[in-house]
Student: 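Below is one structure. I have some questions about it.
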Number of protein chains: 2
Amino acid sequence: MPASAKANSKRPRRARGSINPADIVTGAFEFCRTTPVDEMTMPQLAAFLNVGVTSIYWYFKSKRELLDAMTDEALVSFYESMPPLRSQGWEDMLREFFVSFYTLLAADPLKCDLIVRRIGHQADEGAMRSWNRAEQLLTALADAGFPPSLARHAFFTLSIYTQGFLLVERTGRVSGAISSPPAGGSADLVAADAAAAPRGTQPAAGSAAPEDFEFGITNIIAGLRQLRPSEERAGAA
Amino acid sequence: MPASAKANSKRPRRARGSINPADIVTGAFEFCRTTPVDEMTMPQLAAFLNVGVTSIYWYFKSKRELLDAMTDEALVSFYESMPPLRSQGWEDMLREFFVSFYTLLAADPLKCDLIVRRIGHQADEGAMRSWNRAEQLLTALADAGFPPSLARHAFFTLSIYTQGFLLVERTGRVSGAISSPPAGGSADLVAADAAAAPRGTQPAAGSAAPEDFEFGITNIIAGLRQLRPSEERAGAA
DNA sequence: ACCTGAACACCGTTCAAGT
DNA sequence: ACCTGAACACCGTTCAAGT
């Protein structure tokens with residue numbers, strides 16, 4: 001090939017039906033295997049997909065809309081990959097569910113960013129669909145004697161805790177927060193250390209996270225055990 | 001004044017000592033009384049402060065550094081505005097502390113954005129300083145028979161829950177999540193509704209938040225009561 | 001109908017002055 | 001030493017074509 005083919009690109013024009021929304025979203029996910037979503041750029045994505053930037057706007061009328069589509073897909077895939085509940089007792093079911101919840105998202109920064117960190121951008125049309133596992137849980141709680149409102153609160157509390165943990169972990173503020181007494185004896189609730197881990201790469205998931213996460217779950221479930229109406233006279237009436 | 005003084009601005013050059021980091025940070029806070037931080041722009045801020053954009057870069061070598069400074073100040077001001085603890089028992093102390101925590105940040109979107117939503121950008125030099133209230137709490141827990149590691153976990157769990165709640169609330173995903181049974185009986189953990197509230201303005205803090213928040217605190221504290229080593233033989237040895 | 005480059009109004013940041 | 005406009009390489013988005 002000639003040595004100095006200056007600006008040799010001029011990508012050929014693509015055929016009429018050669019792109020579609022699904023491909024774009026899929027491509028965006030692939031692109032984000034390399035780059036954090038927050039850094040994904042329309043021109044960059046277009047180059048990656050080998051289309052003109054403006055072509056993307058034919059299918060998504062804004063970047064936000066594209067991110068919404070990605071979030072929808074992330075949610076569906078997330079729900080699908082939640083393993084079915086094996087446990088029988090309500091306590092184990094709750095624990096199992098939220099440990100799966102946490103594990104899945106902690107292992108997938110992109111999904112975590114889309115699902116937990118992204119802001120209330122949408123009504124999550126796609127969310128309601130594949131969402132029956134929660135029902136299962138609520139039912140189990142009802143069977144165990146929890147009144148509906150208490151059951152929902154329980155579910156909500158665990159969900160908030162899980163999301164909070166993922167958030168704080170993802171922002172790298174969690175590494176030695178619990179395990180290591182800060183020598184002088186000082187603790188900090190929002191920014192315990194964040195100095196230990198290297199900062200260049202992905203926040204790098206603080207050290208002892210999984211056990212620390214499970215403690216909170218244990219704690220909340222213990223509380224629910226206590227908050228549950230006593231069962232002695234539950235069967236009657 | 002003449003009708004068509006086209007581009008009449010040409011702001012006069014400022015004196016040599018007329019800006020300083022403190023003023024810039026203060027100005028930025030003032031600017032954000034009007035605009036969400038995420039939308040604050042260096043040119044906009046400069047215009048608001050009546051300085052050249054580049055002047056800001058003399059004191060802060062990047063926008064990130066400026067935001068860090070803002071976060072530091074937000075943290076200090078946050079700690080200072082935490083009312084002193086009145087309660088005596090460990091349970092009430094914990095509740096009081098985290099309710100204050102929540103109330104303060106829920107009422108101040110800017111501080112919430114800087115402290116909770118911003119990412120692990122720094123070691124929070126300024127945080128460790130005014131941070132003795134947590135000590136107080138840890139001590140109270142120790143006095144109540146909690147081993148140090150358990151006390152820290154307790155504190156951490158409550159803190160994570162609080163931050164998670166603020167996050168989810170700030171992103172507008174919380175409004176009717178608990179109070180209203182979704183008719184069909186479906187619940188969603190990440191995006192319960194988000195469709196009810198108007199979306200244009202600030203996420204508008206979902207309806208029944210405070211009670212919902214306190215439920216989780218009650219729940220976690222109840223769990224701690226159960227997790228605490230039994231006191232019967234605590235005074236001995 | 002679908003794909004596209006050029007262009008617009010912005011951004012964060014740097015440079016090379018001005019005082 | 002401090003303050004500054006012009007300029008740079010980007011961004012998201014729109015426009016006016018091209019096919």
Side-chain angles (χ1 to χ4, degrees), chain A residues 6-28 31-32 34-71 113-114 118-119 121-122, chain B residues 5-28 31-32 34-71 113-114 118-119 121-122 200:
Chain A
K6 72 165 179 181
N8 61 346
S9 35
K10 206 50 153 291
R11 183 176 48 70
R13 191 186 183 88
R14 300 189 49 141
R16 259 213 280 101
S18 60
I19 346 173
N20 57 63
D23 288 351
I24 294 174
V25 171
T26 306
F31 180 85
C32 288
T34 274
T35 312
V37 224
D38 327 280
E39 287 166 34
M40 184 183 71
T41 264
M42 296 302 265
Q44 276 169 38
L45 177 58
F48 179 79
L49 294 171
N50 239 280
V51 296
V53 211
T54 31
S55 303
I56 300 177
Y57 283 91
W58 180 262
Y59 297 101
F60 301 94
K61 66 173 191 287
S62 68
K63 185 182 186 182
R64 163 124 135 57
E65 213 172 73
L66 172 58
L67 288 172
D68 286 350
M70 291 179 72
T71 305
D113 283 347
L114 288 171
R118 259 190 90 232
I119 333 289
H121 282 313
Q122 41 163 12
Chain B
K6 71 163 181 180
N8 61 346
S9 39
K10 207 50 157 289
R11 181 175 51 69
R13 191 187 183 87
R14 300 190 49 143
R16 258 213 280 102
S18 61
I19 345 172
N20 58 64
D23 287 350
I24 293 172
V25 171
T26 306
F31 179 86
C32 289
T34 274
T35 312
V37 224
D38 327 280
E39 288 167 33
M40 183 183 72
T41 263
M42 296 301 266
Q44 275 170 37
L45 177 59
F48 180 78
L49 294 171
N50 238 279
V51 296
V53 211
T54 31
S55 304
I56 300 177
Y57 283 90
W58 179 262
Y59 297 102
F60 301 95
K61 64 174 191 289
S62 69
K63 186 183 186 180
R64 162 123 134 60
E65 213 171 74
L66 172 58
L67 288 172
D68 286 350
M70 290 180 72
T71 305
D113 283 346
L114 289 172
R118 260 191 87 233
I119 335 288
H121 282 313
Q122 42 163 9

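Chain naming here is simple, since letters A, B, ... match the order of the sequence lines and numbering starts at 1 in each.
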Student: Of the non-hydrogen atoms in A:Val25 and A:Ala69, which two are nearest, and what is the gap between them?
Tutor: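 Closest heavy-atom pair between A:Val25 and A:Ala69: CG2-CB, 3.9 Å.
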
Student: I'd like to check A:Leu49 versus A:Ile19 (side-chain heavy atoms, cut-off strictly below 4.5 Å). Are they in contact?
Tutor: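 SC-SC contact between A:Leu49 and A:Ile19 ruled out.
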
Student: To the nearest 0.5 Å, how far apart are CZ in A:Phe48 and CG in A:Leu45?
Tutor: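 The distance works out to 8.0 Å.
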
Student: So which atom in A:Pro21 and which in A:Tyr59 form the shortest heavy-atom distance, rounded to 0.1 Å?
Tutor: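 Taking A:Pro21 first and A:Tyr59 second, the nearest heavy atoms are CD-CD2, 3.5 Å.
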
Student: What are the two closest heavy atoms between A:Arg118 and A:Asp68, and how far apart are they?
Tutor: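 Closest heavy-atom pair between A:Arg118 and A:Asp68: NH2-OD1, 2.9 Å.
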
Student: What's the CG-C1' distance between A:Leu49 and C:dT4, to the nearest Å?
Tutor: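 One finds 15 Å between C1' of C:dT4 and CG of A:Leu49, rounded.
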
Student: With sequence neighbours excluded, tell me which residues meet salt bridge (charged side-chain N to carboxylate O under 4.0 Å, His left out) with B:Lys63.
Tutor: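 Result, salt bridge (charged side-chain N to carboxylate O under 4.0 Å, His left out) vs B:Lys63: none returned.
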
Student: Mind checking if B:Tyr59 touches a base, just sugar-phosphate, or nothing, with heavy atoms under 4.0 Å?
Tutor: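 The answer is sugar-phosphate, as B:Tyr59 gets under 4.0 Å only of primed atoms, P, OP1 or OP2.
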
Student: Closest approach of A:Thr41 and A:Pro43, non-hydrogen atoms and distance?
Tutor: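 Heavy atoms only, the tightest pair is CG2-CD, 2.9 Å.
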
Student: Mind checking whether A:Met70 and A:Met40 have side chains closer than 4.5 Å, heavy atoms only?
Tutor: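 Yes, their side chains come closer than 4.5 Å.
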
Student: Please encode protein proximity along nucleotides 8-19 of chain D as a string of B, S and -, counting only heavy-atom distances under 4.0 Å.
Tutor: ---SSBBB--B-

Student: How does DNA chain C look in dot-bracket notation if pairs are Watson-Crick or G-U with both distances under 3.5 Å, crossing ones as [ ], other-strand ones as |?
Tutor: ||.|||||...|||||.||

